[in-house]
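To find a chain, count down the sequence lines: A is the first, B the second, and so on, and within it residues start at 1. Being a predicted model, the structure only gives us computed values, none of them experimental.
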Protein chains: 2
Amino acid sequence: MARWEPNARGRLEEAALDLFGERGFEQTTVAAIAERAGLTERTFFRHFSDKREVLFGSEPMSSAIAESVAAAPESASPFEVTAATIADLAEALEGRRERALRRRAVIAANPELQERELVKLAHMAAGLAAALRERGVPDLAAALAAETGLAVFRVAFEQWVNGPDTPGLPALIRSGIDELRNITAE
Amino acid sequence: MARWEPNARGRLEEAALDLFGERGFEQTTVAAIAERAGLTERTFFRHFSDKREVLFGSEPMSSAIAESVAAAPESASPFEVTAATIADLAEALEGRRERALRRRAVIAANPELQERELVKLAHMAAGLAAALRERGVPDLAAALAAETGLAVFRVAFEQWVNGPDTPGLPALIRSGIDELRNITAE
DNA sequence: CACCTGATGTCAGTTCCTGACATCAACGTA
DNA sequence: TACGTTGATGTCAGGAACTGACATCAGGTG
């Protein structure tokens, strides 16, 4: 018989999302999260480096980015690879719209959490740029393609969560890419 | 005779930048900053909402952005306006390269500070997008132009501080814009 | 069976940050 | 001049985030 209930980390994430939704982020103490998960505050900080991280800890985005970039055809231009990659990310999110919205609501209600989300997006951009360089794309082009690609992703994601009935996220990404091409061509 | 030494806020900023440079951000307590400035910890938090903000508190960027956008000719496209605006920002920074580098070094050494910097850049993007909408640019185009414009700014700024002898920031911005046009056209 | 490992608990302490209240020079006004 | 107001600062108490040091003890390993 196991000494402890299994999946402590998952229980902490669950408890945190629930409590943040009920009382808000600031009004929820780490002690309260740990208690609901049947653990102690000290154990919370062994699983997450800080209180915010419990909302961001399990994002497998990085590996997905590397795979998408590697899967793009040899002939694709850097920007085409970028467009295809963020379209793939969108595809992955499309399925879990409900959970994404719930998490989004918590984050939207608190500036500290928005701060952390920006960091995660910046890491995604850095990972994308690195994957592009891996393909032989020069530094400047890789950095610009990655940053602008993530910019399109951010804007499309905003439309997706805000609009009452938007087309799917992948479709929003595609129109964002098109619109960006129009804008920069002027 | 004044009751207190003047410019408490400025003294706090000065003391903080010095101490962060000497010992690092984490090893510097707010109490130590306040003491060097001849004030108390409580007074520090009356001037800055948190410890990080002392490095970001006096950025007059927002108003500069609005002015630049307003100054652009009626005929300019959204992306042209954006390009001109970030070029103006670059112009303003070009003069204070030394201080920008010092501040940059402190920020580069600490993830918490990088987090805050991303927030400031996001606010700049939001302000730029709002100024563009003010001109009648549609929502999506305004958001995309602003986000991609700031992306160019970030990338150029990185080159500027990293490269030992780069051309000026404005020149880097211009080549970034050109490169972006090339990339998206492919 | 003895030993080690690793996830958790316990406890004390530091630092960030906030609320409530006190102080007192400068200033305006009668 | 006297007197009340204002506003920047100080003082104090306390909550919550986070960390380091050490204890515990089921389960695997030799």
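In this structure, the CZ atom of B:Arg52 is 14 Å from the C1' atom of C:dT15, given to the nearest Å. We find that CD of A:Glu53 is positioned 17 Å from C1' of D:dT19, with the value rounded to whole Å. Atom pair B:Glu112:CD and C:dC16:C1' shows a separation of 10 Å (rounding to whole Å applied). Put simply, CG on B:Leu113 is 14 Å from C1' on C:dC16, counting in whole angstrom units.
The list of side chain to side chain donor-acceptor pair (under 3.5 Å) pairs with a residue in residues 65-76 of chain B, not counting sequence neighbours, reads B:Ser68-B:Asp88. Screening residues 127-150 of chain B for side chain to side chain donor-acceptor pair (under 3.5 Å) gives A:Arg154-B:Glu147 as the qualifying pairs, with residues at least two apart or on separate chains. For residues 99-116 of chain B, the pairs satisfying side chain to side chain donor-acceptor pair (under 3.5 Å) are A:Arg52-B:Glu115, A:Glu115-B:Arg116, A:Arg116-B:Glu115, B:Asp18-B:Arg102, B:Asp50-B:Arg116, B:Glu53-B:Arg116, B:Glu59-B:Arg103, B:Arg104-B:Glu117, B:Arg104-B:Glu158, with sequence neighbours left out.
Residues passing the side chain to side chain donor-acceptor pair (under 3.5 Å) test with A:Thr184 are B:Thr184, sequence neighbours excluded. Residues passing the side-chain contact (heavy atoms from CB on, under 4.5 Å) test with B:Ala31, sequence neighbours excluded: B:Thr29, B:Glu41.
Here A:Glu26 does not pair with A:Lys51 in a salt bridge; the nearest charged N to carboxylate O distance is not below 4.0 Å.
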Quick tally for nucleotides 9-17 of chain D: nucleotides whose base has a protein heavy atom under 4.0 Å get B, sugar-phosphate-only ones S, the rest -, giving BBB----SS

